[in-house]
Amino acid sequence: MVKQITEDILNEVIVKRPADSYKGDFGRVLLIGGDKQYGGAITMAAQAAVSSGAGLVTVASDAVNRTALHSRVPEAMFVDWTDLDVLMEQIDKSDVVLMGSGMGLTDYAVSLVKRVLMQMNAKQVLVADGSALTIVANEHLSFPRDTYTVITPHQMEWARLSNIQLNYQDEIELNDVQRSMLNVDVLVLKQHHTMIYNNEGQQQIMVGGPYQSIGGMGDVLAGIVAAFVGQFKLSLSHTVQAAVYAHSALAEQMAGYNYVVRPSLLADGMANFMGRYQSNLD
Ligand SMILES: NC(=O)C1=CN([C@@H]2O[C@H](COP(=O)(O)OP(=O)(O)OC[C@H]3O[C@@H](n4cnc5c(N)ncnc54)[C@H](OP(=O)(O)O)[C@@H]3O)[C@@H](O)[C@H]2O)[C@@H](O)CC1
Ligand SMILES: Nc1ncnc2c1ncn2[C@@H]1O[C@H](COP(=O)(O)OP(=O)(O)O)[C@@H](O)[C@H]1O
Ligand SMILES: [Mg+2]
């Protein structure tokens with residue numbers, strides 16, 4: 001049976017920070033994406049990751065995006081993604097790697113996806129979104145068996161990966177079998193009332209609506225997911241559920257006074273939103 005995720009997940013997952021903590025306690029998160037055409041996507045993902053509490057955020061992207069990214073998110077460090085030695089070093093140092101937001105489908109993007117999939121180890125979490133999912137599907141690649149892997153496809157990306165066409169994607173068993181065959185630990189199948197699939201079963205959010213149908217909304221979700229799994233120590237599947245719920249719950253609140261919710265404003269609003277939920281257990 002599909003479990004509905006409620007607001008309780010936020011009180012469960014978002015905990016008060018210990019007084020003697022430092023940035024290294026809250027996740028070293030590397031975001032890989034943003035080609036010449038899609039610099040906005042990786043910028044929004046970075047904004048979301050920083051605003052959702054990731055301890056240290058590094059962006060690896062096309063060099064053309066450096067200035068724009070820094071003007072919006074000065075907290076993030078930057079690596080030119082053609083500098084492969086530095087990039088591989090950064091991957092090794094990261095707790096979480098998010099790849100795909102605005103990555104594009106160039107030959108270079110394909111080569112990067114292959115490298116990242118090979119480089120990840122068992123202690124790390126991989127979050128794959130956007131173009132990285134399309135590349136994995138087009139190139140018939142596999143997600144790493146030993147790395148905890150979260151994917152956040154929209155319905156067409158899931159169709160490319162799973163070969164389950166859109167009119168069959170409400171078949172829960174079918175989706176779950178494909179998830180497991182793809183070595184995916186958590187599948188976030190984005191839609192109206194997004195579904196989450198993992199080894200514990202299936203969960204669904206009942207918050208959110210069409211004010212979220214705007215380019216960049218999924219890039220922001222990917223940044224929130226990466227930040228949550230990097231900093232919260234509860235089970236990873238619960239942490240992803242909290243991230244997905246928070247994204248749409250905040251959008252729903254913002255829609256109370258906006259016709260559409262701009263993804264970049266949603267990203268910036270996350271710190272305030274999370275502050276209202278931190279549990280006060282010391
Ligand atoms: N500001 C930026 O830099 C932005 C950059 N972005 C980056 O762009 C990259 C490409 O991502 P993408 O999602 O735009 O393109 P793609 O994967 O080809 O999917 C579109 C195709 O799928 C179909 N479709 C069917 N159902 C669907 C559904 N439920 N949701 C969505 N699509 C659905 C759809 O059908 P159609 O609309 O044509 O009827 C169309 O044929 C990726 O890296 C992303 O991060 C974007 O985030 C935007 C802001
Ligand atoms: N009608 C809707 N109701 C609820 N959520 C929606 C709706 N339309 C879009 N969304 C949400 O917006 C996000 C869109 O993700 P995606 O298609 O990857 O966007 P992008 O790649 O442009 O950033 C998902 O989280 C999806 O659930
Ligand atoms: Mg997307």
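Order of appearance sets the numbers: ligands from 1, and atoms from 1 within every ligand.
A 6.0 Å sphere centred on CZ of R145 holds no more than 12 heavy atoms belonging to other residues, nucleotides or ligands. In this structure, R66 places its CZ atom where more than 12 heavy-atom neighbours from other residues, nucleotides or ligands lie under 6.0 Å away. The environment of CD in E139 is crowded: more than 12 heavy-atom neighbours from other residues, nucleotides or ligands sit within 6.0 Å. In the displayed structure, K123 atom NZ is contacted under 6.0 Å by at most 12 heavy atoms of other residues, nucleotides or ligands. By the 6.0 Å contact criterion, OH on Y168 is open, its count of non-hydrogen atoms from other residues, nucleotides or ligands being 12 or less. The neighbour count for R160 CZ, taken as heavy atoms of other residues, nucleotides or ligands under 6.0 Å away, is above 12. Within 6.0 Å of CG on D107 lie no more than 12 heavy atoms contributed by other residues, nucleotides or ligands.
Protein heavy atoms are found less than 4.0 angstrom from atom 8 (O) of ligand 1. Within 4.0 Å of atom 35 (O) of ligand 1, not a single protein heavy atom is present. The nearest protein heavy atom to atom 47 (O) of ligand 1 is closer than 4.0 Å. Taking a distance limit of 4.0 Å, we find that atom 17 (O) of ligand 1 is approached by some protein heavy atom. Atom 30 (N) of ligand 1 lies below 4.0 Å from at least one non-hydrogen atom of the protein. By the definition of a contact as any protein heavy atom under 4.0 Å away, atom 40 (C) of ligand 1 is not in contact.
Remark: minimum distance from atom 44 (C) of ligand 1 to any protein heavy atom is reached at G102 N, 3.8 Å. Here the protein heavy atom with the shortest distance to atom 1 (N) of ligand 2 is P210 CA, 3.3 Å. Among all protein heavy atoms, the one lying closest to atom 10 (C) of ligand 1 is Y38 OH, 4.2 Å. For atom 24 (N) of ligand 1, the closest non-hydrogen atom of the protein is M156 CB, 3.5 Å. Of all protein heavy atoms, the one closest to atom 12 (O) of ligand 2 is M217 CG, 3.2 Å. Among all protein heavy atoms, the one lying closest to atom 42 (C) of ligand 1 is S131 OG, 3.4 Å. Nearest protein neighbour of atom 18 (O) of ligand 2, counting heavy atoms only, is K190 NZ, 2.7 Å.
Residue contacts with ligand 1, taken as heavy atom pairs separated by less than 4.0 Å, do not involve K190 at all. Looking at D219 against ligand 2, both its backbone and its side chain come within 4.0 Å, counting heavy atoms. Contact annotation for L166 and ligand 1: only side-chain heavy atoms (C-beta onward) come within less than 4.0 Å of the ligand. Contact annotation: for H192 versus ligand 2, heavy atoms closer than 4.0 Å belong to both the backbone and the side chain. Under 4.0 Å from ligand 1, the heavy atoms of S101 that appear belong solely to its backbone.
Below 3.5 Å of separation, one finds an N or O of D219 facing an N or O of ligand 1. Taking distance alone, with nitrogen or oxygen atoms compared against 3.5 Å, G215 stays at or beyond that limit from ligand 2. Inclusion of L221 in the set of residues having an N or O under 3.5 Å from an N or O of ligand 2 is not warranted. Residue-to-ligand polar distances keep H193 apart from ligand 2: every N/O pair is separated by 3.5 Å or more. Polar contact check, G218 against ligand 2: a nitrogen or oxygen pair lies under 3.5 Å apart.
Listed by number with element, the atoms of ligand 1 under 4.0 angstrom from any heavy atom of G100 are 43 (O). Close approach of ligand 1 to A41 is summarised as follows: ligand atoms under 4.0 Å from at least one heavy atom of the residue are 1 (N), 2 (C), 3 (O), 4 (C), 5 (C). Less than 4.0 angstrom separates some heavy atom of G216 from each of these atoms of ligand 1: 47 (O), 48 (C), 49 (C). Close approach of ligand 2 to Q191 is summarised as follows: ligand atoms under 4.0 Å from at least one heavy atom of the residue are 5 (N), 27 (O). Shown in contact with M103 at under 4.0 Å from a heavy atom are these atoms of ligand 1, numbered in order with element: 43 (O). Of all the atoms in ligand 2, the ones that sit under 4.0 Å from a non-hydrogen atom of H154 are 17 (O), 18 (O). Close approach of ligand 1 to E157 is summarised as follows: ligand atoms under 4.0 Å from at least one heavy atom of the residue are 17 (O). The distance from ligand 2 to the heavy atoms of T194 drops below 4.0 Å at these ligand atoms: 27 (O). Ligand 1 places these atoms under 4.0 Å from at least one heavy atom of G40: 3 (O).
In the model, N175 has a side-chain atom that pairs as donor or acceptor with a side-chain atom of W158 under 3.5 Å. A side-chain donor from one of S248 and Q212 sits under 3.5 Å from a side-chain acceptor of the other. With 3.5 Å as the limit, one finds a donor-acceptor pair spanning the side chains of T152 and D129.
In this structure, H247 counts as a contact residue of ligand 2, since one of its heavy atoms falls inside 4.0 Å of the ligand. Note on ligand 2: G130 sits outside its first shell, no heavy atom being nearer than 4.0 Å. Residue R160 places a heavy atom under 4.0 Å from ligand 1.
Here N199 contributes atom CG and S180 contributes atom OG; the two are 7.0 Å apart, rounded to the nearest 0.5 Å. Taken from CE in M103 to CG in L98, the straight-line distance is 9.5 Å, to the nearest 0.5 Å.
A donor-acceptor contact shorter than 3.5 Å is absent between the side chain of N258 and the backbone of V260. Side chain of Q4 to main chain of M206: no donor-acceptor pair is present (N/O by atom type, distance under 3.5 Å, no hydrogens or angles). With S52 contributing its side chain and I224 its backbone, the two residues share no donor-acceptor pair below 3.5 Å. Within the 3.5 Å criterion, the main-chain N or O of R17 finds no donor-acceptor partner in the side chain of S21.
Nearest-residue assignment for atom 11 (C) of ligand 2 (options Q212, E252, M156; heavy-atom criterion): Q212. If you check each of Q191, H192, H154, Q37 against atom 13 (O) of ligand 1, the one with the closest non-hydrogen atom is H154. For atom 4 (C) of ligand 2, the choice among G209, P263, G216, A222 with the nearest heavy atom turns out to be G209. Heavy-atom proximity to atom 8 (N) of ligand 2, evaluated over G100, S248, S213, is greatest for S213.
Salt-bridge formation is not detected for the pair R28/D92: no Lys NZ or Arg NE/NH1/NH2 atom is positioned less than 4.0 Å from an Asp or Glu carboxylate oxygen.
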Next item on the list: Apply side-chain contact (heavy atoms from CB on, under 4.5 Å) to V150 and D185, showing your working.
Entry: CA-CA 6 Å; V150 181; D185 294 281; 5.9 Å; no
Next item on the list: Evaluate the criterion side-chain contact (heavy atoms from CB on, under 4.5 Å) for residue pair D219 and Y38; output intermediate values, then yes/no.
Entry: CA-CA 11 Å; D219 304 314; Y38 296 136; over 6 Å; no
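When I9, V15, N11 are each tested for a side chain to side chain contact (heavy atoms under 4.5 Å, CB included) with Y277, only one passes: N11.
Between W81 and Y108, the ring planes lie tilted relative to each other; the angle falls in the 30° to 60° range.
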